[in-house]
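Just so we're on the same page: letters track the sequence lines, and every chain starts at 1.
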Amino acid sequence: MFTLTGTTSPGRRGVLSTPHGEIQTPFFMPVGTAGAMRGITHEDLLSLGAQILLCNTYHMHLQPGEEIVREAGGLHEFIHWSKPILTDSGGYQVFSLRGSNSIEDHGVHFRSHINGDPLFLGPESAIRIQHALGADIIMCFDHCPPSTAARAEIEQAVDRTLRWAQECKTWHREYSTGKENPPMLFGIVQGGLEPDLRKKCAEELIAMDFDGYAIGGLAVGESPQEMYDVVDAVCPLLPEEKLRYLMGVGVADQLKKCVAKGVDMFDCVLPMRLARHGHILLADGTDIRIRNTEYKSAHIPIDPLSPSALSRTHTRSYLHHLVRANERLGETIACMQNMGITLQTMQRMRAAMDEEI
RNA sequence: GCGAGAUUAGCUCAGUUGGUUAGAGCGUCCGGUUGUGGUCCGGAAGGUCAUGGGUUCAAGCCCCAUAUCUCGCC
């Protein structure tokens with residue numbers, strides 16, 4: 001259950017209650033696609049202030065499979081994470097794995113990226129798998145097209161997304177019967193950069209009454225301004241008392257702007273990807289490429305103001321060396337740093353809101 | 001001392017029977033990455049082809065000398 005506690009100039013402040021504890025909003029979700037963050041432990045992630053973890057239906061279904069997770073006692077037990085979990089439906093893989101899948105009216109035919117096995121995901125299977133995994137928040141199976149696609153393709157994606165949302169809702173009700181704590185189900189607004197399609201999609205989803213609403217199909221090739229325009233167009237249409245989730249956005253500046261526009265939750269792989277490529281975010285808002293020679297002899301802390309203890313105690317010269325030497329610890333330090341900075345960005349926004357309330 | 005081999009980008013090396021502007025990997029620098037098929041992707045800078053002669057319309061490539069290095073033999 002979501003409780004909005006205040007609407008301030010930096011954005012909406014609230015609390016989300018789940019069977020696995022409360023989440024202070026607005027918040028950012030670290031992406032642990034296959035049930036883990038690369039190179040960092042759950043404990044380390046918690047120490048940075050993570051409140052929830054995102055896992056992926058497509059990936060968990062392929063490996064190890066939801067039956068293994070179910071027999072282990074559900075995702076929380078299986079991965080030993082006691083805080084809330086959100087599972088993404090696999091709809092994004094329609095976009096990210098385009099070229100190796102084919103879309104039809106009832107769902108999407110994938111080929112496993114691991115061994116080529118055929119795999120079909122649609123509204124029923126996506127909801128069934130997510131229920132078996134046992135997350136606190138699950139997502140409708142949607143059709144995510146490139147934001148720059150032709151209007152006809154966007155229109156078709158919206159129609160599919162809406163039809164599938166209705167089916168997801170039905171199957172969700174079916175799989176929830178007899179459950180003490182059924183998960184929350186979020187609908188996903190598609191519509192590319194077309195304001196009228198976004199509006200249509202939002203309004204029809206709202207009529208179906210979901211527990212929260214995501215804005216999908218952004219951060220997939222359009223400019224930041226185009227993205228902001230869509231957020232500006234969609235947010236005012238969404239019900240005040242429900243969570244708004246902007247999918248796939250995680251650049252600090254974009255987080256701040258979108259929170260101000262009324263978004264409550266985000267997820268993004270970018271901070272981790274940047275970290276793995278040696279691109280380090282700093283607490284003062286700047287960033288550095290630690291592989292560059294200028295850091296070879298930089299015997300100063302990576303980031304003295306970092307929320308990650310590793311970055312306060314280890315030097316830039318050491319991280320430069322670790323990354324160049326392809327040492328695992330380098331990836332860990334970099335990931336802790338970038339995730340710490342991203343989570344800290346959200347914490348600071350919440351603190352600023354609390355001062356206003 | 002004798003013999004063989006080597007010498008091309010910062011490093012390790014390709015370079016066809018001699019034929020436009022000599023290539024690659026790594027390294028350097030600059031970009032990119034957004035609901036994870038990503039130790040990834042794109043671009044740039046960087047060379048008197050050891051030195052000096054010669055043959056040829058044309059030499060990194062063929063010939064001679066010199067230097068340096070490696071290996072082997074006295």
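Remark: side-chain polar atoms of A/Arg244 are not paired, donor with acceptor, to backbone N or O of A/Lys261 under 3.5 angstrom.
Taking every side-chain heavy atom of A/Val251 into account, B/rU34 is the closest of B/rU34, B/rC29, B/rG35. Residue A/Thr293 has its side chain nearest to B/rC29 when only B/rU33, B/rG35, B/rC29 are considered.
For the residue pair A/Thr315/A/His299, the side-chain donor-acceptor check at 3.5 Å is not satisfied. No side-chain N or O of A/Ser306 forms a donor-acceptor pair with one of A/Ser308 less than 3.5 Å apart.
Atom P of B/rU21 sits at a distance of 42 Å from the matching atom of B/rU34, rounded to the whole Å. As rounded to the nearest Å, B/rC71 and B/rU12 have P atoms that lie 16 Å from one another.
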Footprint string (nucleotides 36-47 of chain B, 5' to 3'): B base within contact, S backbone only, - free, heavy atoms under 4.0 Å: BBBBB-------
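Nucleotide B/rG25 has B/rC11 as its partner under the Watson-Crick or G-U criteria, with both atom distances under 3.5 Å. In this entry B/rC57 has B/rG19 as its Watson-Crick or G-U wobble partner, both defining distances falling under 3.5 Å. In this entry B/rC71 has B/rG3 as its Watson-Crick or G-U wobble partner, both defining distances falling under 3.5 Å. Applying the Watson-Crick and G-U wobble criteria (two distances, each under 3.5 Å), B/rU66 pairs with B/rA50. Under the Watson-Crick or G-U wobble criterion, with both distances below 3.5 Å, B/rU39 is left unpaired in every strand shown.
The cationic atom of A/Lys169 (NZ for Lys, CZ for Arg) lies less than 6.0 Å from the six-membered ring centre of A/Phe210 and within 45° of the ring axis.
Using a 4.0 Å heavy-atom distance criterion, A/Glu327 is classed as making no nucleic acid contact. Contact annotation for A/Gly217: base contact, defined as any heavy-atom pair under 4.0 Å involving a base atom. Within 4.0 Å of A/Leu246, counting heavy atoms only, lies no atom of the nucleic acid at all. Nucleic acid contact class of A/Asp142 (heavy atoms, under 4.0 Å, all strands): base.
Taking atom OH on A/Tyr228 and atom P on B/rU34, their separation rounds to 15 Å, with Å as the unit. Rounded to an integer number of Å, the gap from A/Asn292 CG to B/rG27 P is 12 Å. The separation between A/Leu121 atom CG and B/rG35 atom P is 18 Å, rounded to whole Å. As rounded to whole Å, 15 Å separates atom C1' of B/rU34 from atom CD of A/Glu226. When the P atom of B/rG35 is taken as reference, atom CE of A/Met227 falls 12 Å away, rounded to whole Å. In this structure, A/His279 places its NE2 atom 13 Å from C1' of B/rU34, rounding to the nearest Å. When the C1' atom of B/rG35 is taken as reference, atom OH of A/Tyr213 falls 19 Å away, rounded to whole Å.
Using the six-membered ring where Trp is involved, A/Tyr245 and A/Phe186 have ring planes that are perpendicular, over 60° apart on the 30 and 60° scheme.
Pairs passing the side-chain hydrogen bond (donor to acceptor under 3.5 Å, both in side chains) check and including a residue from residues 185-195 of chain A, sequence neighbours excluded, read A/Asp142-A/Gln190, A/Arg151-A/Glu194.
When ring centroids are compared, A/Tyr58 and A/His113 come within the 6.0 Å threshold.
Each of A/His320 and A/Ser89 was assigned the nucleotide of RNA chain B with the nearest heavy atom; the assignment lying further toward the 5' end belongs to A/His320.
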Steps toward side-chain contact (heavy atoms from CB on, under 4.5 Å) verdict (A/Arg198, A/Ile215): CA-CA 9 Å; A/Arg198 286 283 177 180; A/Ile215 304 174; 3.7 Å; yes
